[in-house]
Number of protein chains: 2
Amino acid sequence: MLEGQYLDSLGAVPGAPRPTEVHQHLRGLIMSGAIPPGARINIDDAARQLSVSPTPVREALAGLESEGLVVKVPLRGYRTTELLTRDELIELYELRMLLEPAAAASAARRRDDAALQAFDAELATLNGHPAALPAGALSAHDERLHGLVFDTAGNRLISRTYARTHCHLHIFRLSYAGSYGHGTLDEHVEIVRAIRDSDPERAAEAMREHLDLSLGRVLGTEAAAH
Amino acid sequence: MLEGQYLDSLGAVPGAPRPTEVHQHLRGLIMSGAIPPGARINIDDAARQLSVSPTPVREALAGLESEGLVVKVPLRGYRTTELLTRDELIELYELRMLLEPAAAASAARRRDDAALQAFDAELATLNGHPAALPAGALSAHDERLHGLVFDTAGNRLISRTYARTHCHLHIFRLSYAGSYGHGTLDEHVEIVRAIRDSDPERAAEAMREHLDLSLGRVLGTEAAAH
DNA sequence: GTCATTCGAATCCTATAGGATTTCCGCCAT
DNA sequence: ATGGCGGAAATCCTATAGGATTCGAATGAC
């Protein structure tokens, strides 16, 4: 339905590639929770609010559908993807458990000065604020840190593969705020420490433990909400 | 440029969901090699040959772009994705090595009568033909069998994740025919045998060995073509 | 002979209009 | 009062037309 508060900050350059912008814009709206899961998306309304014609919007939605962020019912319009069920959440963590420990180990093998500096910088962003962070800060930090692990691991195909599915977890966590406990940061520190020490086995183990605890936290909040 | 031999077998039912059909049609053309890697796709020509207007074609291409089958240069049109480089091929097999042994182990744990029957039926399709198979038969068999392993493993998220990247390997093998040796079938039999025996560890090991040998075969043909 | 420049054709991109389908609401019968 | 039915509004879907941009070839200069 598009609340109507999102500026139409495009349209200045007529020749600019608008479909890409519309795509990114809609993606941001979904990822930020502005368009809640399961909500219908009216093509004409969206086009009006973005000051474009329905055609680019339709094109962007087709792309988002292949990314799994929206679903299309042939003659009934588009809807955002429903929230992950408990089973789907467990499946997602099974996938993470396959990819991320291996990525952490690879990162420990391949890490260089630039990578370590990036890790330190990322950890420093939350170091001074032990608690009472703005909403979503921990979520964003978590996403960035895991992204750094994949980047350092050096397999771009795996990185993209993971990023494609990670967005669903992101949306899930937005809906059930508080899926992060105090342990999250400590576990991150432990992973980074193992990577800095070039200890692949310890990095993989730290990542496994982090994922295990993370799944417990997420399932806990889901059960509480239920 | 679309050779022009692909019939417009759609258009009978006006209300039918055509974008989906166009999407599947184009995907088939790319996956079958009818549109070679790196070729340009003219929207108007494609629309004419499919007897639809450019709009649904554009919509389908936007979806294919998110799947990684085509790339879009903003004001220069669409092109099919280039063939995998040697490094990308190795990255793909790294991903397979993470997902498929685990899937084989899971399949060995969860296999039931229906799954075993499906495996037998798949192996039987090539049993009578030891050699001199029609081109692409081995490739199709390989794809189906690995898909069966994932289906039996029971994690649909991982299945889709893999299917999304597998298509690139498929295209690669079409370009370098002969990436399958005599060993392929024997290795498949070994994997299925371990799954039938409910031996997860052996299934994973058989899959690892199969992937290792498969990578060697693929890299060999690539080196020979070079 | 080679390079830069200009002109033309082809192509992409967006907007608008019309047809087809679904959905929702009021109405009637039971 | 409840369930079935008919019509109108809303929405999706496709086609067509026009503007903007890019690519290729021909022309001219050095």
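Chain naming here is simple, since letters A, B, ... match the order of the sequence lines and numbering starts at 1 in each.
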Assess whether a salt bridge exists between B/K72 and A/E59, defined as any Lys/Arg side-chain N lying under 4.0 Å from an Asp/Glu carboxylate O. yes

Nucleotide nearest A/R40 when distance is taken to its side chain, options D/dT21, D/dT16, D/dT11: D/dT11

Find the distance B/Y78:OH to D/dT22:P and express it as a whole number of Å. 17 Å

Round to a whole Å and report the spacing from CD of A/E65 to C1' of D/dC12. 14 Å

Salt bridge (charged side-chain N to carboxylate O under 4.0 Å, His left out) pairs touching residues 146-159 of chain A, sequence neighbours excluded, are none

For B/E59 and C/dC12, give me the distance from atom CD to atom P, rounded to whole Å. 17 Å

Between B/S53 and D/dA15, is there a side-chain N or O to OP1/OP2 distance below 4.0 Å? yes

When rounded to whole Å, the NZ to P distance for the pair A/K72 and D/dT11 reads 17 Å

Whichever of B/I43 and B/T55 has its nearest DNA chain C nucleotide further upstream toward 5': B/I43

Interatomic distance where CZ belongs to A/R48 and P belongs to D/dC12 [whole Å]: 10 Å

With a 3.5 Å cut-off and no angle check, do the side chains of A/Y78 and A/R58 form a donor-acceptor pair? no

Can you see if the side chain of B/R76 gets near the phosphate of D/dT21 - specifically, an N or O under 4.0 Å from OP1 or OP2? no

Without hydrogens or angle criteria, can the side chains of A/H146 and A/H166 be said to hold a donor-acceptor pair below 3.5 Å? no

Under 3.5 Å: donor-acceptor pair, side chain of A/S32, backbone of A/G28: yes

Single hit among A/R160, A/R164, A/R27 for salt bridge (charged side-chain N to carboxylate O under 4.0 Å, His left out) with A/E67: A/R27

Looking at D/dT11, I'd like to know if its phosphate oxygens (OP1 or OP2) sit under 4.0 Å from a side-chain N or O belonging to A/N42. yes

Which whole-number value in Å describes the distance from B/D44 CG to C/dT14 P? 14 Å

Validation: residues 101-110 of chain B side-chain donor-acceptor distances under 3.5 Å, sequence neighbours left out:
residue, atom, partner, partner atom, Å
B/S106, OG, B/A153, O, 3.1
B/R110, NE, B/T152, O, 3.4
B/R110, NE, B/A153, O, 3.1

Pairs under 3.5 Å (N/O, protein and nucleotides 5-8 of chain C):
none

Between C/dT14, C/dT22, D/dA15, spot the one nearest the side chain of A/L75, thanks. C/dT22

Could you check how far CG of A/L50 sits from C1' of C/dA15, rounded to whole Å? 15 Å

Closest listed nucleotide, where the reference is the side chain of A/V52 and the choices are C/dA15, D/dT16, D/dA15: C/dA15

Once you round it to whole Å, what is the distance between P of C/dA9 and CG of B/D45? 18 Å

